[in-house]
Structures are given as structure tokens and as C-alpha cells.
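Read the structure below first, then the notes.
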Amino acid sequence: MRPSFLSALDARVLLFDGAMGTSIHSCADCRPEDYLGRDNCTDILVRSRPDLIQRIHENFLAVGADVVETDTFGSNKLVAAEFDQEMVGWVYDLNRQAAQVARAACERFATRERPRFVAGSIGPGTKLVTLGQVSWSTMLDSYREQARGLIDGGADCLIVETCQDLLQVKCAVNACLDALDAARRSHRDIPVLVSVTMETTGTMLLGSDIAAVVNALRPFPIASLGLNCATGPTEMAEHVSYLSRHWDRPFSVIPNAGLPILVDGRTEYPLRPDAFGQAMRRFLDEFGASIVGGCCGTT
């Protein structure tokens, strides 16, 4: 029987891989036909190229990641509907297959002393409740189907990440709890993690500051709260400091490799590994982060 994610989190800092998108886009043998006619739909690769996705997971596990995130950032009904109705019907299977692929990678590297874990990635989608672009009930149904597939595929935890709207976060967390209840599992068996995105403006996209985030999400039975994407570690420091003083559970820090820049028409992330590592060391030593990792631009 695998150790639980929560027991590992209690015992040590966990290193997360949050760079699936960057890894896919830099992969030399990812072909246009692998997208099955759905341009840039990276989530579809768990169906067409599970070998590629498993290899990406294994590359991160080989260099020390404790947790790999599934290739499911946009695998929900709302996003799938922007491609076609056939893909909407694949949502459950895409999530289940993605978790199984990640699970297979983890089982290759796990040992009794160093278990490896699968985090089911649940992204923000493309429509926000607060802006009136989608109803709560429609979003809830969309996320519930995604969570159901991730749970059935063997995810050890669920991470609601890159969140831009507090209502979207609450909806996604409720959907995860509904799916866990339906599967007769609990948030202690498969914990729910939340990671919000703070823009360079100092707030979430819709204007909530870190204090609002902490107070809005404190009542929910989530195992950790943190930050990912949008900025590099330098821009996250003030928010991380606030979490360390005001959040009563573990917290995560998963930055980009600096702020993106354009180089010859390409988006590049300027922070090199040594500088990134030094910045992350501060979050461990000074602030006591429980989960650290890398998002866009990290490899």
C-alpha cells in the first residue's frame, strides 16, 4: 500500500513538477498529427501519445521530483467544448488515462524510503463565474467530471491551480469534494490543494489580494494553499511572506522561471537553474514552505 500524500507532506518538503506545458512545447518528437486535429490541445496527448507524457513525467522523477502533475490542465467539459462535442465526451477518460500514465511513471521510481505521488491538475479553464461567462452549476458539473476521472485513475491528490477568480476556486473545490464523496473517498484520502495566481499588479486577475484569498479559503478543507504561474519567485516573495504568517496549514510556491520575455518572436523565461534554486531556498529557509516546484519555463 502506498504511503499517503499527507503523511509525506507532514514528513518533508515536497518537490512538485508543474512544467508539463513547457516540456511538451519543447519536445522535439511531438508532431502536429499528435493533436488529433485539435491544435495546441496538449491534454489530448494522453490519448494519442501516452508514451511521450510518461517520458516527461519520468524525466522529472529522475532528477528528484516527489510529485508529478497530470497532463490535464484544461481537461474539463467547458474547455473541451471549445474544440468539439466529441472531445467533451472524452473528458472523464482523458483524466483517468492521464492519472494512470503519471501513476505508471511514479511506480517506476518509487521506493519504500522515497514514494512518488500523482497530483491531478485542475486548471482555471477559460470562463469565469464572477464575470458572468458561465454559471456556477455548469462549472461545477464540468469540474466534477474532471475530478472523477482523476480519482478513478489513481491520483494521490488534486491540485486546483493557476486560479484567477475566488468563485472559480470555491466551485472547483466543491466539485472535488463532491467527486470524492461519490467515490466514497475523503479529502484525507485524496487531499485537495489550491494554488492561486497573483499577477504583477499584486492581486489575482479579478482584483483579490492575498489577504482576501486566505480569508475566503480558510473555511474549506484544503490541505495547502499557495501560488503558481504569472510571475517568478522574486515577485511572489511578499505574498509568500503573508502566507507564512497568516495561513494555518502547509503552503506551496511554484513560480515561473522569471517574467517572460520575447526573444526573436519566441517567449522565453530568463531565470536560470542556479538563480531559481537560490530563490526557492529562501522560501524554504526563511518562510518554511512545504511544497516547492517550478511552473512555466522550468525544465
Is there a side-chain contact between [X] and [Y] (heavy atoms, below 4.5 Å)?
{"X": "Leu259", "Y": "Thr200", "answer": "yes"}
{"X": "Val129", "Y": "Asp165", "answer": "yes"}
{"X": "Leu128", "Y": "Val134", "answer": "no"}
{"X": "Leu180", "Y": "Val192", "answer": "yes"}
{"X": "Ile190", "Y": "Asp156", "answer": "no"}
{"X": "Pro233", "Y": "Leu271", "answer": "yes"}
{"X": "Ser186", "Y": "Asp189", "answer": "yes"}
{"X": "Thr197", "Y": "Leu205", "answer": "no"}

Between the side chain of [X] and the main-chain N/O of [Y], is any donor-acceptor distance below 3.5 Å?
{"X": "Arg47", "Y": "Leu94", "answer": "no"}
{"X": "Trp247", "Y": "Pro250", "answer": "yes"}
{"X": "Asp66", "Y": "Leu15", "answer": "yes"}
{"X": "Gln146", "Y": "Ser121", "answer": "yes"}
{"X": "Asp84", "Y": "Glu86", "answer": "yes"}

At what distance, to the nearest 0.5 angstrom, does [atom1] of [X] lie from [atom2] of [Y]?
{"X": "Tyr269", "Y": "Thr22", "atom1": "OH", "atom2": "OG1", "result": "6.0 Å"}
{"X": "Ser252", "Y": "Phe16", "atom1": "OG", "atom2": "CZ", "result": "7.0 Å"}
{"X": "Glu58", "Y": "Asp51", "atom1": "CD", "atom2": "CG", "result": "10.5 Å"}
{"X": "Asp34", "Y": "Cys41", "atom1": "CG", "atom2": "SG", "result": "12.0 Å"}
{"X": "Phe220", "Y": "Asn174", "atom1": "CZ", "atom2": "CG", "result": "5.5 Å"}
{"X": "Leu193", "Y": "Ile291", "atom1": "CG", "atom2": "CD1", "result": "5.0 Å"}

Measure across [X] and [Y] and return the closest heavy-atom pair with its distance rounded to 0.1 Å.
{"X": "Ala147", "Y": "Ala179", "value": "CB-CB, 3.7 Å"}
{"X": "Gln54", "Y": "Ala104", "value": "OE1-CB, 3.8 Å"}
{"X": "Gly125", "Y": "Tyr143", "value": "N-OH, 4.1 Å"}
{"X": "Tyr35", "Y": "Cys30", "value": "OH-SG, 3.5 Å"}
{"X": "Cys295", "Y": "Ala19", "value": "O-CB, 3.6 Å"}
{"X": "Ala289", "Y": "Val13", "value": "O-CG2, 3.7 Å"}

Stepwise side-chain contact (heavy atoms from CB on, under 4.5 Å) check, Leu206 with Leu131: CA-CA 9 Å; Leu206 297 190; Leu131 296 182; 4.0 Å; yes

Residues, nucleotides or ligands: over 12 heavy atoms within 6.0 Å of [X] [atom1]:
{"X": "Arg184", "atom1": "CZ", "result": "no"}
{"X": "Glu238", "atom1": "CD", "result": "no"}
{"X": "Arg108", "atom1": "CZ", "result": "no"}
{"X": "Asp10", "atom1": "CG", "result": "yes"}

Group every Ile, Leu, Val, Met, Phe, Trp and Tyr by side-chain heavy-atom contacts under 4.5 Å, then state whether [X] and [Y] land in the same group.
{"X": "Val173", "Y": "Ile210", "result": "yes"}
{"X": "Leu78", "Y": "Phe73", "result": "no"}
{"X": "Leu9", "Y": "Leu217", "result": "no"}
{"X": "Met204", "Y": "Val253", "result": "yes"}
{"X": "Val79", "Y": "Met20", "result": "yes"}

Geometric cation-pi criterion, Arg148 with Tyr92: 6.0 Å, 45°: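 Verdict for Tyr92: a cation-pi partner in Arg148.
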
Those residues that, when tested against Thr138, pass side chain to side chain donor-acceptor pair (under 3.5 Å) (two or more places apart):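 Thr138 satisfies side chain to side chain donor-acceptor pair (under 3.5 Å) with Ser135 only.
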
Contacts of type side chain to side chain donor-acceptor pair (under 3.5 Å), residue Arg116, not counting sequence neighbours: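 Per chain and number, Arg116 pairs via side chain to side chain donor-acceptor pair (under 3.5 Å) with no residue.
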
Cys106/Phe117 under side-chain contact (heavy atoms from CB on, under 4.5 Å): CA gap, chis, key distance, verdict: CA-CA 6 Å; Cys106 285; Phe117 299 99; 5.7 Å; no

I'd like to know if the side chain of [X] pairs up with that of [Y] as donor and acceptor (distance under 3.5 Å, no hydrogens or angles considered).
{"X": "Thr126", "Y": "Glu82", "value": "yes"}
{"X": "Glu199", "Y": "Thr231", "value": "no"}
{"X": "Gln168", "Y": "Gln164", "value": "no"}
{"X": "Asp43", "Y": "Thr72", "value": "no"}

Derivation of the side-chain hydrogen bond (donor to acceptor under 3.5 Å, both in side chains) call for Ser75 and Asn95: CA-CA 7 Å; Ser75 290; Asn95 283 279; 4.5 Å; no

Worked check of side-chain contact (heavy atoms from CB on, under 4.5 Å) between Thr70 and Leu150: CA-CA 9 Å; Thr70 55; Leu150 291 168; 3.7 Å; yes

Set of residues satisfying side chain to side chain contact (heavy atoms under 4.5 Å, CB included) with respect to Asp29, sequence neighbours excluded: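 Per chain and number, Asp29 pairs via side chain to side chain contact (heavy atoms under 4.5 Å, CB included) with Cys27, Arg49, Leu52, Arg55.
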
Under-4.0 Å salt bridge between Arg144 and Asp178: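 A salt bridge links Arg144 with Asp178.
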
Among Leu166, Val169, Thr203, the one residue meeting side-chain contact (heavy atoms from CB on, under 4.5 Å) with Val213: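 The residue from Leu166, Val169, Thr203 that satisfies side-chain contact (heavy atoms from CB on, under 4.5 Å) with Val213 turns out to be Leu166.
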
Ile122 and Cys176: CA distance, side-chain angles, deciding distance, side-chain contact (heavy atoms from CB on, under 4.5 Å) verdict: CA-CA 10 Å; Ile122 298 174; Cys176 291; 3.6 Å; yes

Inter- and intrachain pairs under side-chain hydrogen bond (donor to acceptor under 3.5 Å, both in side chains), touching residues 286-295, at least two apart: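 Qualifying pairs, neighbours excluded: Arg282-Glu286.
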
Selection residues 209-228 - residue pairs positive for side-chain hydrogen bond (donor to acceptor under 3.5 Å, both in side chains), sequence neighbours left out: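 Every side-chain hydrogen bond (donor to acceptor under 3.5 Å, both in side chains) pair that includes a residue of residues 209-228, provided the two are not neighbours, is Thr162-Asn228, Ser195-Asn228.
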
Set of ring-ring contact (aromatic ring centres under 6.0 Å, His included) partners for His246, sequence neighbours left out: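 For His246 the ring-ring contact (aromatic ring centres under 6.0 Å, His included) partners, ignoring immediate neighbours, are Tyr242.
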
